[in-house]
Structures are given as structure tokens and as C-alpha cells.
There are 2 protein chains.
Amino acid sequence: MGKKKRIEVSEYELSVLGCLWHRGEATIREIADDVYGHPADAVQYATAQKLLERLEAKKCVRRDRRSHKHLFKALVAREELIDNSLDSLASKLCAGSLNTLFLRLAGKVKLTGEERDEIRRMIDDAD
Amino acid sequence: MGKKKRIEVSEYELSVLGCLWHRGEATIREIADDVYGHPADAVQYATAQKLLERLEAKKCVRRDRRSHKHLFKALVAREELIDNSLDSLASKLCAGSLNTLFLRLAGKVKLTGEERDEIRRMIDDAD
DNA sequence: GTGATTCTAAGTCACTGTGACTTAGATGTC
DNA sequence: GACATCTAAGTCACAGTGACTTAGAATCAC
């Protein structure tokens, strides 16, 4: 159940994941072109290759080797990364309390009427 | 007005800041003892010294050199770091939208009755 | 089939941030 | 004066990151 893995992703690794979230699955070529512009040059392609190798090692990405051009798929969702970052932020700066973080954020945020209604609904449900 | 500085603080730098937030102001000795245990040895003391030097360079800390034992004071508040981290998280993973982050957090958090009331109040005020 | 292209595999490299550590000399204490 | 404690100003090893290189396998164009 509880996979408590700390997910640590660098800036460019995140761009790669972003591309995978967008496309579902993709080859290195497609990813490199998306991240660096069309077409990515050989060095940029190699960088994307290295980033994917590291993401695979971290189990953030799955590599399908069946066809010659390997196909990559994200193994972590953006929401997972968000939750992870929130937990880590809470533990570093709010004594582990997501509630503190939430209340802080409540004061910063400018909600639309719709969003306010949604929050009200969520809160009322919790009662 | 808007100081948009990205504040980047390492794990141990944060412990040092934590000590300063707690004490108001402190010498290196006091900080080292707080962070590493009483009494901190010479190496730990030197590490604290280096951390403070770096925090000073980043303007996260102010050093008062008037007395022989320098006195340090935090220049950034914990809330500032929280806000900063939230902004940075939103921009990395939520297309810059704090609202998205807020709604996400709303689903994760288990609020007490009091906290729910507080949120309701904040939301109603915004109407 | 041959040659050119594109891919994978498996590295290296330079730069940076971080925390640990060292040493010299100034200041303070007894 | 002797000794402890402080500041100043470094160095050092290690890890993460993104850029880069090269060799060889698979594929494509002709």
C-alpha cells in the first residue's frame, strides 16, 4: 500500500516527465524534440537519453525495449509529485503538518467563486 | 515592494535558521550547540560557522560584529520560506497556479472542526 | 547488398552545492 | 603569561546535474 518513496526529480528530468504526461508514451527522439525544440541536435538527444536512463533507475519511468526504438512511459503521476513535494515541504517547514501548510495557503490564494464553492463543498463533506 | 528573490536553503542551513527563529538572536556557539548537541565539538562548530557565512552571503541572516562574539539574527521568516516554496512548487508542477495547489491540498488534509471553521471564515470573507 | 542514418549502450567531463575539516591569528579569561 | 575561545579564510571529498563522446547494432534509402 503505502509507498513512502521520496521522489527527487531534477529540473530537466521534470521536463521529460512533462512530455510523457502529455504524450502518454514516447521515444527518446520525440521527447528530445519536445524538450529542446525540433529537431533536437545530437548532444541534446544524448542528454535526453541520459535523463531517461536516470529516471528509469529511479523508477519514475518504464522503458519498453520490445521494438528497436524504445518506448517510454511515466510511472509517476504529476499528482504524486505534488503530494510528495507538499509532504516534504510540510515536514521541513511546518513540523510535518499539512494543515499548517493548508491554512497558510488559504491566506495567499485568490479563489474564484467556483473554487470557493468547491472548497466549501469539500469542507462540508468532512463534517 | 515585491522582493521576488528565490530563497534556496540547504537542510543544515535550515536547522540554523530554525535555531535563530527560536532564539531571536544567537552566537555561533549557541547555534552549534543547538543544532549538533551540547556541546558541539570543534568541527561541528566550524561547520556552523561556514553555514552562517553562507546564509549571510544569501542575506538570510544578519551578522552583528560589534561585540567580539558576533551575534546573528534571521533576516527571513519561516513564513517567507513557506510562501517561497509554495510559489516554486506551483510554478514547477501546477503551471504556476497556487489555486491548483490549494485545491489539491484541500483533498489531502484532515482538518479539525476548528480549522474547518477558520477556512469557512476565510472563504466567506473573500466573497 | 551497400552506404548512410539513427538508434542504444556505456561511458566521461566540468560545474555546483553541501557539509566536514584545517590552520593562523586575534581576542578574552584567569 | 598561559590557555581557551573566537574569527577569518581557506581546503577537501562527495554527490547531483546536464553536456558531451564514442562504439557498435539496427534500420532505412537507394
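Atoms considered below: every heavy atom in the structure, side chains included; atoms not considered: hydrogens, waters and symmetry mates. We name chains A, B, ... by the order of the sequence lines, and we start the count at 1 in each one.
- With sequence neighbours excluded, no residue forms a salt bridge (Lys or Arg N to Asp or Glu O under 4.0 Å) with A/D125.
- Take B/S85 and apply the side-chain contact (heavy atoms from CB on, under 4.5 Å) test, not counting sequence neighbours, and it matches A/L89, A/L93.
- For the pair A/L52 CG and C/dC7 C1', the interatomic distance rounds to 14 Å; values are reported in whole Å.
- Each of A/E8 and B/K69 was assigned the nucleotide of DNA chain D with the nearest heavy atom; the assignment lying further toward the 5' end belongs to B/K69.
- For the segment residues 17-35 of chain B, the set of residues with a heavy atom within less than 4.0 Å of an atom of DNA chain C is empty.
- Remark: P of C/dT5 and OH of A/Y45 are 16 Å apart, rounded to the nearest angstrom.
- Per the geometry, CZ belonging to B/R6 stands 16 Å off P belonging to C/dG17, to the nearest Å.
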With the criterion being N/O to N/O and under 3.5 Å, what pairs connect the protein with nucleotides 19-23 of chain D, and how long is each?
unit_1, atom_1, unit_2, atom_2, d
D/dA19, OP2, A/Y36, OH, 3.2

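- As rounded to whole Å, 16 Å separates atom P of C/dC7 from atom CG of A/D64.
- Nucleotide D/dA15 holds its P atom 15 Å from the NZ atom of A/K58, rounded to whole Å.
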Look for any protein N or O under 3.5 Å of an N or O in nucleotides 24-29 of chain C and output each such pair with its distance, or none.
none

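- Rounded to an integer number of Å, the gap from A/E11 CD to C/dG17 P is 13 Å.
- Linking ILVMFWY side-chain heavy atoms closer than 4.5 Å, directly or via other members, places A/L14 and A/Y36 in a single hydrophobic cluster.
- Applying the ring pair (Phe, Tyr, Trp, His ring centres under 6.0 Å) test to pairs two or more places apart or on separate chains, none has a residue in residues 72-97 of chain A.
- Comparing D/dA9, C/dT8, C/dT18 by their closest approach to the side chain of B/S10 singles out C/dT18.
- Residues that satisfy the side-chain hydrogen bond (donor to acceptor under 3.5 Å, both in side chains) test with B/T100, not counting sequence neighbours, are B/S97.
- Qualifying side-chain contact (heavy atoms from CB on, under 4.5 Å) partners for A/E79, counting only residues two or more places apart in sequence or in other chains: A/A77, B/R104.
- Every residue meeting the side-chain contact (heavy atoms from CB on, under 4.5 Å) condition with B/I119, not counting sequence neighbours, appears here in chain and number order: A/F102, A/L103, A/A106, A/I119, A/I123, B/L111, B/I123.
- Partners of A/K108 according to the side-chain hydrogen bond (donor to acceptor under 3.5 Å, both in side chains) rule, which considers only residues two or more places apart in sequence or in another chain, do not exist here.
- Applying the side-chain contact (heavy atoms from CB on, under 4.5 Å) test to B/I7 and every residue at least two apart in sequence or in another chain returns B/K5, B/V9, B/C60, B/V76, B/E80, B/L81, B/N84.
- Of the candidate nucleotides C/dG19, D/dC6, D/dA8, D/dA8 has the atom lying nearest to any side-chain atom of B/R65.
- Between A/L98 and A/A90, the closest heavy-atom pair is CD2-CB, 3.8 Å.
- In this entry the distance linking NE2 of A/H70 with P of C/dC7 reads 12 Å, nearest Å.
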For residues 48-57 of chain A, run the donor-acceptor check on the side chains, cut-off 3.5 Å, and write out each pair with its distance to 0.1 Å, sequence neighbours left out.
unit_1, atom_1, unit_2, atom_2, d
A/E56, OE1, A/R63, NE, 3.0
A/E56, OE1, A/R63, NH2, 3.1
A/E56, OE2, A/R65, NH2, 3.3

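- Rounded to an integer number of Å, the gap from A/E53 CD to D/dT17 P is 14 Å.
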